[in-house]
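A quick write-up on the structure given underneath.
Everything numeric in this text was worked out from a predicted model, so none of it was measured. Proteins come first, then strands; the chains are lettered A, B, ... in the order of their sequence lines, and each starts at number 1.
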Amino acid sequence: MTESKPPIRVRFAPSPTGHLHVGNARTALFNWLFARGQKGSFILRIEDTDVERSQADFERQLLEDIRWLGLDWDEGPDVGGLHGPYRQSERTDIYRKHGMKLVESGHAYYCFCTPLELEADRKTALSQRRQPRYSGKCRQLSREEVSRRRQAGEPASTRLKIPEEVLSFPDLVHGLTRFSPDAIGDFILLRPGGQPAYNFAVVVDDHLMQISHVIRGDDHISNTPRQVAVYRALGWELPQFAHLSTILAGDRTRLSKRHGATSVDHFREMGLLPEAITNYLALLGWSAADGVTEILSREQLTAQFSLAHIIKSPAVFDLQKLFWLNRHYMKGSPLERLVKLSLPVLRSAGYLGEQVGKETEQWLELVLGAVLKNVDHLSQLPDPVRLIFHFDGREAVQAEENKDVIESEDSRRVVDSFCQRVAAAGELDSDKFRALISEVRNETGQKGKNLFHPIRVALTGRTSGPEMDKLVPIFEQGAKLSLPNPVKNCAERAREFARFALKGAAD
RNA sequence: GGCGCUAUCGUCUAGGGGUGAGGACGUGAGAUUCUCAAUCUCAAAACCCGGGUUCGAUUCCCGGUAGCGCUGCCA
């Protein structure tokens with residue numbers, strides 16, 4: 001007699017209070033990887049019981065961020081499913097029903113204490129250095145009194161009776177975790193309005209949605225005994241728990257906005273690739289079985305992911321390592337895709353207009369091919385690309401860093417020879433450029449650095465940049481496009497530079 | 001304050017009663033290249049502290065310390 005295992009079902013249950021932060025993104029990813037690797041289901045549930053803080057627009061942003069990361073869900077608020085609705089705000093009746101059941105079975109009771117009273121109790125407890133927990137005042141109320149006060153319309157919340165027994169649960173990453181009930185007060189299940197409190201809603205939902213594994217942040221560890229109490233009161237079986245460590249910032253405090261870019265949408269705006277982000281996030285608290293491999297595709301990740309290799313200690317978020325992975329994935333990415341992704345950045349830098357034609361996109365592939373290895377992410381593009389769109393012969397000649405090129409006899413001869421030839425050459429391509437260079441070499445006797453450096457300065461105004469034979473076709477073809485910042489071709493550049501350089505030399 | 005979680009190079013991590021404590025990011029040096037970058041090679045860099053168990057602990061146990069979390073009619 002083989003007992004068939006219940007299907008793997010996991011969920012990601014964010015509150016719609018803003019964009020997806022890296023901590024949550026990592027939780028979502030681990031759930032997703034586990035589901036996909038185990039041929040299970042990944043469920044998205046929106047925890048919007050706090051009506052004041054939840055907004056429809058935030059939910060939209062959240063879904064967008066998760067989807068952009070490449071995580072898809074099998075059941076959720078937008079796609080539906082057998083265990084819906086998937087928004088807690090639409091499940092109030094369900095919570096109310098289970099709350100009533102608990103009151104009837106004697107596991108819960110109505111509490112008439114006002115927030116003001118409770119706050120006062122809390123304060124005195126704190127001032128007496130006592131544990132601030134609910135006194136259980138309303139536990140003793142007689143049936144009659146309760147129904148009388150309820151009928152009089154007095155607002156009542158519903159509280160769970162915490163039993164006098166150790167509340168423990170096995171955790172897949174932390175092992176058996178136990179809590180003494182002394183530290184836990186009778187907490188609120190339902191607010192007077194009937195809206196559920198978090199610790200109640202999660203349990204009801206996770207059970208009804210048949211969640212097999214609850215994988216979430218370890219900030220929920222201390223909440224788990226409360227939830228265990230709810231499971232017991234309802235006579236439900238516990239799911240498997242796996243609590244993931246926190247992601248910290250470099251100063252070892254919880255990662256937050258003040259630490260800079262920490263949300264998925266921000267990373268998207270920076271032009272980071274989603275596969276770089278998921279790869280990086282996977283490395284935070286998890287490692288491949290061989291302990292060595294760090295670059296893992298989405299497929300490798302799902303195939304290799306295992307809860308057994310999750311680490312317990314918190315991890316510090318390291319942007320540098322994310323950038324390293326991003327550079328890696330940019331290198332392996334088709335230029336066509338990267339061009340599309342960099343359009344907004346180049347546009348807002350003023351280098352592109354609203355309409356970008358096919359030829360321009362093809363030309364941009366050349367541009368990216370030349371400068372990509374100089375950037376961590378796409379939004380750094382405007383800087384290395386500047387020398388393509390901006391060239392001013394006077395500035396180039398006057399620039400301090402170019403002084404030695406202007407002043408040295410040898411390099412002036414190179415510039416001179418080169419500029420004359422360019423003027424006569426017509427349109428250049430890499431081959432023609434190389435041929436021209438070797439003519440200059442023969443004429444001036446300069447080679448290597450002494451040959452290329454003056455030419456680089458003459459054509460770009462800079463002492464460093466991408467390889468010249470990549471740059472030349474970019475200049476030439478770029479000049480034929482109509483762009484907000486017209487690109488000057490080699491002949492124009494050389495002419496401008498020569499004019500100012502010669503003038504300076506005449507003195 | 002109480003309770004809980006955590007502790008290996010600067011950072012992410014592997015490992016585990018006897019190891020030259022492995023890898024990666026970053027850093028430094030060198031090689032290559034027309035420059036920068038990229039690339040390649042090499043190097044420096046760690047078991048939080050104190051007790052216990054043990055022939056032997058970085059590893060197991062206890063305590064301390066530090067960080068983080070919970071202690072809400074937030075989630």
Side-chain angles (χ1 to χ4, degrees), chain A residues 13-17 47-50 52-54 88 111 113-115 118-119 122 125-134 155 157-159 171 173-174 177-180 182-185 187-193 195-199 201-202 216-226 243 245-246 248 250-254 280 283-295 309 311-325 327 331 370-375 384 437 446-457 460 462-469:
Chain A
S15 290
T17 52
E47 310 222 317
D48 55 353
T49 53
D50 186 350
E52 281 170 29
R53 278 173 43 184
S54 300
Q88 291 189 329
C111 169
C113 298
T114 66
L118 295 170
E119 186 51 32
R122 243 180 70 83
L126 242 28
S127 69
Q128 292 169 209
R129 312 192 134 205
R130 281 194 353 258
Q131 171 87 320
R133 52 172 250 206
Y134 180 61
S157 57
T158 309
R159 285 185 187 270
D171 188 295
V173 352
H174 295 276
T177 311
R178 37 177 87 232
F179 288 81
S180 153
D182 319 338
I184 303 163
F187 66 94
I188 302 248
L189 262 20
L190 295 167
R191 298 177 235 192
Q195 310 95 323
Y198 168 76
N199 282 308
V202 248
R216 58 169 31 159
D218 69 1
D219 46 334
H220 288 293
I221 283 190
S222 307
N223 282 322
T224 310
R226 292 179 180 78
H243 286 100
S245 67
T246 326
L248 304 175
D251 58 5
R252 295 243 154 224
T253 63
R254 201 187 185 75
Y280 176 69
L283 262 22
L284 248 34
W286 176 84
S287 58
D290 65 4
V292 169
T293 313
E294 297 204 301
I295 292 179
H309 287 101
I311 203 177
K312 297 187 272 193
S313 51
V316 170
F317 188 83
D318 180 12
L319 206 53
Q320 286 309 316
K321 192 149 184 177
L322 210 206
F323 286 166
W324 166 67
L325 279 165
R327 276 181 254 129
K331 269 181 250 162
V371 302
L372 213 53
K373 48 189 182 307
N374 295 57
V375 298
I437 284 278
Q446 301 295 328
K447 58 183 180 182
K449 190 174 180 166
N450 292 336
L451 178 64
F452 277 88
H453 187 65
I455 290 171
R456 168 179 298 283
V457 169
T460 70
R462 308 281 193 87
T463 56
S464 69
E467 296 87 333
M468 287 311 298
D469 46 355

For [X], all residues meeting side chain to side chain donor-acceptor pair (under 3.5 Å), sequence neighbours excluded:
{"X": "A/T224", "value": "A/R216, A/H243"}
{"X": "A/Y198", "value": "A/H220"}
{"X": "A/D318", "value": "none"}
{"X": "A/D290", "value": "A/T293"}

B/U13 and B/U32, which share atom name C1', separated by this distance in whole Å: 32 Å
Can you name the residues that form a salt bridge (charged side-chain N to carboxylate O under 4.0 Å, His left out) with [X], not counting sequence neighbours?
{"X": "A/D171", "value": "none"}
{"X": "A/D469", "value": "A/R434"}
{"X": "A/R252", "value": "none"}
{"X": "A/R462", "value": "none"}

Distances under 3.5 Å only, N/O to N/O: pair up the protein atoms with those of nucleotides 28-33 of chain B.
none

Nucleotide B/G72, atom P - distance to CG of A/L118 in whole Å: 10 Å
Can you find a pair of side-chain heavy atoms, one from A/L248 and one from A/F317, that are under 4.5 Å apart? no
Excluding sequence neighbours, so at least two apart, what forms ring-ring contact (aromatic ring centres under 6.0 Å, His included) with A/F179? none
Contact state string [nucleotides 35-41 of chain B, B base, S sugar-phosphate only, - no protein heavy atom under 4.0 Å]: BBBSS--
Base contacts versus sugar-phosphate-only contacts with protein, heavy atoms under 4.0 Å: please encode nucleotides 3-12 of chain B as B, S and - from 5' to 3'. SSSSS---SB
